[in-house]
Undergrad: 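Encoded as structure tokens, here's the structure I'll be asking about.
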Protein chains: 2
Amino acid sequence: MLIGAFSERTGCHIETIRYYERIKLLPKPERTGGGHRLYDREQVKRLVFIRRSRELGFSIEEIRTLLRLVDGKRYTCQEVKTITETHLEDVKRKIADLRRLQKTLGAISGQCEGGLVPDCPIIDALFSE
Amino acid sequence: MLIGAFSERTGCHIETIRYYERIKLLPKPERTGGGHRLYDREQVKRLVFIRRSRELGFSIEEIRTLLRLVDGKRYTCQEVKTITETHLEDVKRKIADLRRLQKTLGAISGQCEGGLVPDCPIIDALFSE
DNA sequence: ATAAATCCTGTAGCCACTACAGATGCAAGA
DNA sequence: TCTTGCATCTGTAGTGGCTACAGGATTTAT
């Protein structure tokens, strides 16, 4: 399978695939005589894993750790669970931060009637500390 | 006021201040004979505005637009409110995205008991599309 | 006068891609 | 066989919003 088909199968842009190879998240693939990359089913599995992990917000480094565990075949659930829960805490923190943002934005936006008056309570709010 | 004092007053790192100047978010300040930057109260107001807007998650481009409106002194509430509400929608979308993430992560993490068994439901979940 | 703190410019790095430019490879039609 | 046209190649630079130096100049305190 050439990189185009590989890309379609995994839902990963071609440039991203080459990028993952460059940063050693994907191993160097076989090549055709002319130098085009060749992938197999095993690689599809790996890239789907990566893409799915990215969708769930894991960082490249976290994914690298997860893959090391999987590749070593000696991982324990505990190691994996720790990474996942740390990440989950991260996500929760981000949600909390955004909620505060939403509240503040909603409040200052609500003070404004959106008319033609050139003296906006939003601008005032942004100017005050 | 030199850049150090300016930085303390506004809560903005020195490097960030110089960065904002470079990207023309802050105007070029006066200089001492030896070439050190000099700031006044007006600049403090402007940078506080910028910092506050950043804290609320506005992008540099959004802030640039807001500042253009303020600088032109001919803005209407409507223009400002539109920018704010667009941004608020953004924030809401991000919260929704993160909530979905949290749910999925919680679900797959919950399936795992964290023992020593080397066959983790989390890894399985990441491998499946 | 000198030491220490602050400031200067310019450049490179961060993350996770994305977007080119310009050169090949390869399959199908004339 | 030649050409057309698409897919792929490498390498480099750009994104956003900073942050972190290096190596020098200036200012302030002693």
Undergrad: Taking all atoms of both residues into account, what is the closest heavy-atom pair of Thr10(A) and Arg51(A), and its distance?
TA: O-NH1, 2.7 Å
Undergrad: Less than 4.0 angstrom between a side-chain N/O of Arg31(A) and OP1 or OP2 of dT8(D), yes or no?
TA: no
Undergrad: Could you check how far CD1 of Ile3(B) sits from C1' of dA25(D), rounded to whole Å?
TA: 15 Å
Undergrad: With side chains defined as the heavy atoms from C-beta onward, is the minimum distance between Ile83(B) and Glu79(B) less than 4.5 Å?
TA: no
Undergrad: Can you tell me how far P of dT8(D) sits from CD of Glu21(A), to the nearest Å?
TA: 14 Å
Undergrad: Roughly how many Å is it from OH in Tyr39(B) to P in dC7(C), rounded to a whole number?
TA: 10 Å
Undergrad: Take Arg54(B) and His36(B), find for each the nucleotide of DNA chain D with the closest heavy atom, and name the residue whose nucleotide sits nearer the 5' end.
TA: Arg54(B)
Undergrad: Does CD belonging to Glu113(B) count more than 12 external heavy atoms closer than 6.0 Å?
TA: no
Undergrad: Counting only side-chain nitrogens and oxygens, does Thr16(A) get under 4.0 Å of the OP1 or OP2 atom of dT18(C)?
TA: yes
Undergrad: Distance check needed: dG25(C) C1' versus Leu38(A) CG, whole Å only.
TA: 13 Å
Undergrad: Can you check the Met1(B) CE to dC7(C) P distance for me, whole Å?
TA: 12 Å
Undergrad: Under 4.0 Å, counting only non-hydrogen atoms across every strand here, what does Ile23(A) touch: a base, just sugar-phosphate, or nothing?
TA: nothing
Undergrad: Atom CD1 of Ile60(A) to atom P of dC14(C): distance rounded to whole Å?
TA: 14 Å
Undergrad: Counting only side-chain nitrogens and oxygens, does Arg18(A) get under 4.0 Å of the OP1 or OP2 atom of dC9(D)?
TA: yes
Undergrad: Would you say dC26(C) has OP1 or OP2 under 4.0 Å from some side-chain N or O of Thr32(A)?
TA: yes
Undergrad: Should the ring pair Phe6(A) and Tyr39(A) be called parallel, tilted or perpendicular, given that the plane angle runs from 0 to 90° and is split at 30 and 60?
TA: parallel
Undergrad: Expressed in angstrom and rounded to an integer, what is the separation of Ile14(B) atom CD1 from dT6(C) atom P?
TA: 9 Å
Undergrad: Would you say that Gln43(A) contacts Arg46(A) through its side chain, given a criterion of any heavy-atom pair below 4.5 Å between the two side chains?
TA: yes
Undergrad: Is Tyr20(B) touching bases, backbone alone, or none of the nucleic acid, heavy atoms closer than 4.0 Å?
TA: sugar-phosphate
Undergrad: Given atom CD of Glu55(A) and atom P of dC17(C), what is their separation to the nearest angstrom?
TA: 11 Å
Undergrad: Could you tell me whether the phosphate oxygens of dC17(C), OP1 or OP2, come under 4.0 Å of any side-chain nitrogen or oxygen in His13(A)?
TA: no
Undergrad: 5'-most contact on DNA chain D: Arg22(A) or Arg37(A), nearest heavy atom basis?
TA: Arg37(A)
Undergrad: Toward the 5' end of DNA chain C, which comes first, Gly33(A) or Glu15(A), by nearest nucleotide?
TA: Glu15(A)
Undergrad: Please tell me which of Tyr19(A) and Gly34(A) maps to the more 5' nucleotide of DNA chain C, matching each residue to the nucleotide holding its nearest heavy atom.
TA: Tyr19(A)
